[in-house]
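Data first, discussion second: the structure below is written as C-alpha cells.
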Amino acid sequence: MNNLFDNLPFKPADILLPRDCDLSLWSVIACDQYTSQPEYWQRVEERVGRAPSALRLILPESCLDGPSVETDIMETNNTMSRYLREGRFQVWPEAMIYMERTLSSGRVRRGLVGMADLAQYDYEPYSASAIRATEGTVMSRIPPRVAVRKNAPIELPHAILLADGMDVICALSSRTKEMEKLYDFDLMEGGGHLRGWLLTQTHQEEIARALQAMKERADQDRGGFLFAVGDGNHSLAAAKECYERRKGLTEPVQWPDLPSRYALCEVVDLHDEALEFEPIHRVVFGVKPEELLDAMGRYYPDALRGRQLDQRVRSMAQCIPFVYRDGEGEFALLHSASLTEAGALHDFLDQYLERNPRARIDYIHGETEARTLAEEREDAVAFLLPAMDKRELFPAIISHGALPRKTFSVGQAQDKRFYLEARKIRK
C-alpha cells in the first residue's frame, strides 16, 4: 500500500471498474432509495434486461424483508463470483478516482473515490474516532446488511464521507487534462451525468499531504474528528461488523492486511457549492391518521396544532407539518427535549410504533413524493421536516454526538450515489 497514506483514514484502493459493457445500464442508484416506490425498481429492471449491471450485484433495501431474501443474497454473491471469473472488471491498483457528478439541478458535485479504514471508524453516538457517524445507527438494520456482505467477494459503495474544508478535491477540476479519463456517461432515471479520472502519483501525493495537514488540525482542535459519514452509515456499520468478525478468526498480526478492514467510498468537501443538505421526510403507513395525530398531541401536550400557525409562534418552536388524504396542518413543539425536529418526531414515533406493531415508517426524499404517498392512501400520514444547515454538521456532532437518524440527506433522491466502482473484499 502507498506509504504516503500510512495512518490516514482514507487511502488509495485496488479499484475495479466494469469493462466491455454499457455503463448507463451498469450503474444503478443506491440500494436504500425508493423503498416505497417499487415501480422505480421495476423500471430499472426492465431497462437493464439481460445486460451486465450492478443491479445484479446489490439487493434493494425493499427486498431485505422479502420471503426469498436468503436466496436473493446467494444469487447476488454467485453473480459477483461469475463476473469476476468472466473478467468483467478491469483492476486499477493503488488508485484514486476524481469524479464529477452533474446533478439534476445542473450543478456539478466533485468527489474522490478511495477506501476508508474501518479501524478508524466508529458508529457509536459519542465516538472519538477519525470517521464518525452523523446519525444514530438503528441496530436492527445491521444484521440484514451483514448477511449481504459477509460472504460477498466484492463490495460496491454508496457511502459518502464529508470533509470539512478539503478544497484540494475541487481544485482537481482544473487539472483533469493531466489525468486519464476512465468514464463519461449519462445515468439512468434522471440521475444526471458521471465522469471520472484516474489520479496520477503526483495528485495522490498532494491528496496525502492535504489529508495529513487536516489530520493534524483535527487532532489538535476536534479530538481527531476528520470525516463525517454523509450517506451510507448503515452500510459502513455492516462493513465494520464484518471486519470485527473477521478479526476474531484471524491472528492479530494479520489484521492490517485483511481486505475487510477497508470499505470503498467517496469523499466530498462539505463546502462544495453543489453539495446540498435535503430533508428526509417520514411517511407512517398502517394507521388511522387522526388517531396518530391525536397521539402526537398527547405526547406533546403543550404543542400547538393548526392549519397554519402564527409566524410568531413558529419562530419560537420546532414546527413539523403533516399531510394526509383528508387534510394537512402542523405541530409547533414548544418544549421538546431534542436538538432537531427529526429527533423530536422520532421521540414520539419510536414509542408509537412499538405500541402499534401494524404501523410502519418509511423515509422519503422529496416533499412531492412524501405528499403523494400520504394523499393516495387512507392509512398514511406524511411528516415534512426542514433541511439542516450543513455548516452546523461538524459542530453539532462534536457537541452532541451522532444526530437523530435520517436528519438530513446529501442531495435529492435522484442525486444519490450510483454504483459503479467495486473492490474485492475476500482473498
Side-chain angles (χ1 to χ4, degrees), residues 29-41 58-66 123 133-145 158-160 189 228-238 276-287 289 292 296 318 320-324 331 338-354 356-377 379-388 390 393 402-417:
I29 204 163
C31 64
D32 57 351
Q33 299 303 303
Y34 299 103
T35 53
S36 290
Q37 294 156 285
E39 65 275 10
Y40 176 95
W41 290 103
I58 66 163
L59 198 60
E61 188 168 296
S62 56
C63 299
L64 289 180
D65 295 324
Y123 55 80
T134 53
E135 63 178 15
T137 302
V138 184
M139 301 307 294
S140 63
R141 295 176 63 188
I142 296 180
R145 287 160 178 76
H158 71 264
I160 294 178
E189 291 289 325
V229 182
D231 255 347
N233 183 65
H234 286 88
S235 293
L236 276 188
E276 296 183 345
F277 278 12
E278 300 287 344
I280 304 177
H281 308 296
R282 278 65 166 159
V283 180
V284 185
F285 300 96
V287 298
L292 171 64
M296 185 166 175
Q318 291 175 325
I320 303 177
F322 58 83
V323 179
Y324 60 109
F331 282 99
S338 178
L339 179 68
T340 66
E341 286 85 353
L345 180 59
H346 272 292
D347 287 345
F348 159 65
L349 287 179
D350 284 348
Q351 57 83 37
Y352 182 86
L353 294 172
E354 185 176 348
N356 296 270
R358 292 187 178 182
R360 68 176 181 87
I361 188 171
D362 200 1
Y363 302 91
I364 305 299
H365 302 267
E367 180 177 333
T368 299
E369 290 79 2
R371 283 180 171 274
T372 298
L373 286 169
E375 291 170 349
E376 287 180 346
R377 299 177 53 148
D379 69 338
V381 178
F383 293 97
L384 308 177
L385 294 171
M388 178 182 182
K390 66 181 183 180
L393 179 64
L403 301 170
R405 61 190 180 273
K406 302 293 184 181
T407 297
F408 69 92
S409 167
V410 177
Q412 300 182 25
Q414 67 270 27
D415 296 326
K416 307 301 282 187
R417 201 175 196 286

Task: Residues Arg417, Asp231: salt bridge by 4.0 Å N-O rule - done: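 Salt bridge flag = no for Asp231 with Arg417.
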Open item on the list: I want to check something: taking the side chain as every heavy atom from C-beta on, are Phe408 and Thr134 in contact at a cut-off of under 4.5 Å?
Closed with: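 Contact flag for Phe408/Thr134 side chains = yes.
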Task: Min side-chain heavy-atom separation Tyr123-Leu236 under 4.5 Å - done: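 When only atoms from C-beta onward are counted, Leu236 and Tyr123 do not touch, as no gap falls below 4.5 Å.
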Looking at [atom1] of [X] and [atom2] of [Y], how far apart are the two atoms once the value is rounded to the nearest 0.5 Å?
{"X": "Glu375", "Y": "Thr368", "atom1": "CD", "atom2": "OG1", "answer": "9.5 Å"}
{"X": "Leu384", "Y": "Glu341", "atom1": "CG", "atom2": "CD", "answer": "12.0 Å"}
{"X": "Ile29", "Y": "His158", "atom1": "CD1", "atom2": "NE2", "answer": "10.5 Å"}
{"X": "His365", "Y": "Gln33", "atom1": "NE2", "atom2": "CD", "answer": "4.0 Å"}
{"X": "Leu345", "Y": "His281", "atom1": "CG", "atom2": "NE2", "answer": "12.0 Å"}
{"X": "Tyr40", "Y": "Glu369", "atom1": "OH", "atom2": "CD", "answer": "12.0 Å"}

- [ ] Dump the intermediate steps for side chain to side chain contact (heavy atoms under 4.5 Å, CB included) on Leu403 and Met388, then the final yes or no.
- [x] CA-CA 11 Å; Leu403 301 170; Met388 178 182 182; 3.7 Å; yes
Task: ring-ring contact (aromatic ring centres under 6.0 Å, His included) partners for His346, two or more places apart - done: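 For His346, the residues satisfying ring-ring contact (aromatic ring centres under 6.0 Å, His included) (neighbours in sequence not counted) are Tyr363.
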- [ ] Using ring-ring contact (aromatic ring centres under 6.0 Å, His included) as the criterion, list what pairs up with Tyr324, not counting sequence neighbours.
- [x]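 Result, ring-ring contact (aromatic ring centres under 6.0 Å, His included) vs Tyr324: none returned.
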Task: Glu61/Arg145 under side chain to side chain contact (heavy atoms under 4.5 Å, CB included): CA gap, chis, key distance, verdict - done: CA-CA 9 Å; Glu61 188 168 296; Arg145 287 160 178 76; 2.3 Å; yes
Task: More than 12 heavy atoms from other groups under 6.0 Å of CD on Glu39 - done: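 Yes, CD of Glu39 has more than 12 neighbouring heavy atoms, counting only those of other groups under 6.0 Å.
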Can you give me the closest heavy-atom contact between [X] and [Y], atom names plus distance?
{"X": "Ala133", "Y": "Asn233", "result": "CB-OD1, 3.1 Å"}
{"X": "Ile320", "Y": "Leu385", "result": "CG2-CD2, 4.1 Å"}
{"X": "Ala382", "Y": "Ala370", "result": "CB-O, 3.6 Å"}
{"X": "Ala238", "Y": "Ile142", "result": "CA-CG2, 4.1 Å"}
{"X": "Ser409", "Y": "Lys416", "result": "OG-NZ, 2.8 Å"}
{"X": "Val284", "Y": "Ala359", "result": "CG1-CB, 4.4 Å"}

Are the side chain of [X] and the backbone of [Y] linked by a donor-acceptor contact shorter than 3.5 Å?
{"X": "Gln318", "Y": "Ser338", "value": "yes"}
{"X": "Trp41", "Y": "Thr35", "value": "no"}
{"X": "Arg282", "Y": "Ile280", "value": "yes"}

Open item on the list: Before you tell me yes or no, could you show the steps for Lys406 and Glu135 under side chain to side chain contact (heavy atoms under 4.5 Å, CB included), namely the whole-Å CA-CA distance, both residues' side-chain angles and the distance that decides it to 0.1 Å?
Closed with: CA-CA 7 Å; Lys406 302 293 184 181; Glu135 63 178 15; 4.1 Å; yes
Task: side chain to side chain donor-acceptor pair (under 3.5 Å) against Gln351, all qualifying residues, sequence neighbours excluded - done: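 Scan of Gln351 (side chain to side chain donor-acceptor pair (under 3.5 Å), adjacent residues dropped) gives Arg355.
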TODO: Name the orientation class of the two ring planes belonging to Phe322 and Phe331 (parallel below 30°, tilted from 30 to 60°, perpendicular beyond 60°).
DONE: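 Ring orientation of Phe322 relative to Phe331: tilted.
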